[in-house]
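Below is one structure, written out as structure tokens; comments come after it.
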Amino acid sequence: MSDIRFVAATPVLASLDILQTVDFYVKRLGATAVHADQGVYGIVALGGIHIHFWACSDRRIAEATGCRIAVEGVDALFAHCTRQGIVHPNAPLHDTPWGTREFAVLDGDGNLITFHERLPI
């Protein structure tokens, strides 16, 4: 396995309404809409990060799902998300014992998105 290097991961999250989900990421987080096929599949880009969405009719699935996204400039992103009113009330900006500074938002479907930045050593 020494000749294998894992290079990226793409979250695929549940969406109750593909068009509304894509719109949330575009308007609230400044994402670029890549694909939106209502009732089927959607994709947004945040810089070089892509998030995919599959159509789901059960809100409980989305509310039990999330992902972590590494960023540079987590404090500025937190300020932006605070102005947008999307920071999860139980996940404000904080430093963790595992060496990251992070916070989380809930998208319109209930997916928990945690943004994190590695703290300097």
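None of these values were measured; they are calculated from a predicted model.
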Contact between [X] and [Y] at the side-chain level, heavy atoms closer than 4.5 Å - yes or no?
| X | Y | answer |
| --- | --- | --- |
| Phe78 | Val105 | no |
| Thr114 | Ile69 | no |
| Phe103 | Val74 | yes |
| Ile113 | Tyr25 | yes |
| Cys81 | Leu29 | yes |
| Trp54 | Leu13 | no |

* Structure fact -> Hits for salt bridge (Lys or Arg N to Asp or Glu O under 4.0 Å) against Asp37, two or more places apart or cross-chain, chain-then-number order -> none
* Asked: Among all residues two or more places apart in sequence or in another chain, which pass the salt bridge (Lys or Arg N to Asp or Glu O under 4.0 Å) test with Arg68?
  -> Glu102
* Is there a donor in the side chain of Gln38 and an acceptor in the side chain of Asp17, or the other way round, less than 3.5 Å apart? -> yes
Which pair of heavy atoms, one from [X] and one from [Y], lies closest together, and at what distance?
| X | Y | answer |
| --- | --- | --- |
| Ala9 | Pro11 | O-CD, 3.8 Å |
| Ala14 | Ile61 | CB-CG2, 4.1 Å |
| Val22 | Ala36 | CG2-CB, 4.2 Å |
| Ala55 | Ile18 | N-CD1, 3.9 Å |
| Thr21 | Ser15 | OG1-OG, 2.7 Å |

* Rest of the hydrophobic cluster containing Leu106 (Ile/Leu/Val/Met/Phe/Trp/Tyr, side-chain heavy atoms under 4.5 Å)? -> Leu112
* Structure fact -> Cluster membership besides Leu19, Ile/Leu/Val/Met/Phe/Trp/Tyr side chains within less than 4.5 angstrom, sorted by chain and number, is none
* To do: Kindly state each residue pair satisfying salt bridge (charged side-chain N to carboxylate O under 4.0 Å, His left out) with at least one member in residues 85-99, sequence neighbours excluded.
  =>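 Sorted result for residues 85-99: Asp95-Arg101.
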* Asked: Taking the side chain from Asp109 and the backbone from Asn111, do they hold a donor-acceptor pair closer than 3.5 Å?
  -> no
* How far does CD of Gln84 sit from CG of Leu77, to the nearest 0.5 angstrom? ->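 Going from the CD atom of Gln84 to the CG atom of Leu77 covers 10.5 Å.
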* Distance, nearest 0.5 Å, that separates CZ of Phe53 from CD of Gln20 ->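 CD of Gln20 is found 13.0 Å from CZ of Phe53.
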* **Path from Phe24 to Val71 over hydrophobic side-chain contacts below 4.5 Å** => yes
Compile the donor-acceptor pairs under 3.5 Å between side chains in residues 39-52 and protein atoms, sequence neighbours left out, one pair per line.
from: Tyr41; atom 1: OH; to: His52; atom 2: ND1; distance (Å): 2.8

* To do: Evaluate whether atom CD1 of Ile4 has more than 12 neighbouring non-hydrogen atoms of other residues, nucleotides or ligands under 6.0 angstrom away.
  => yes
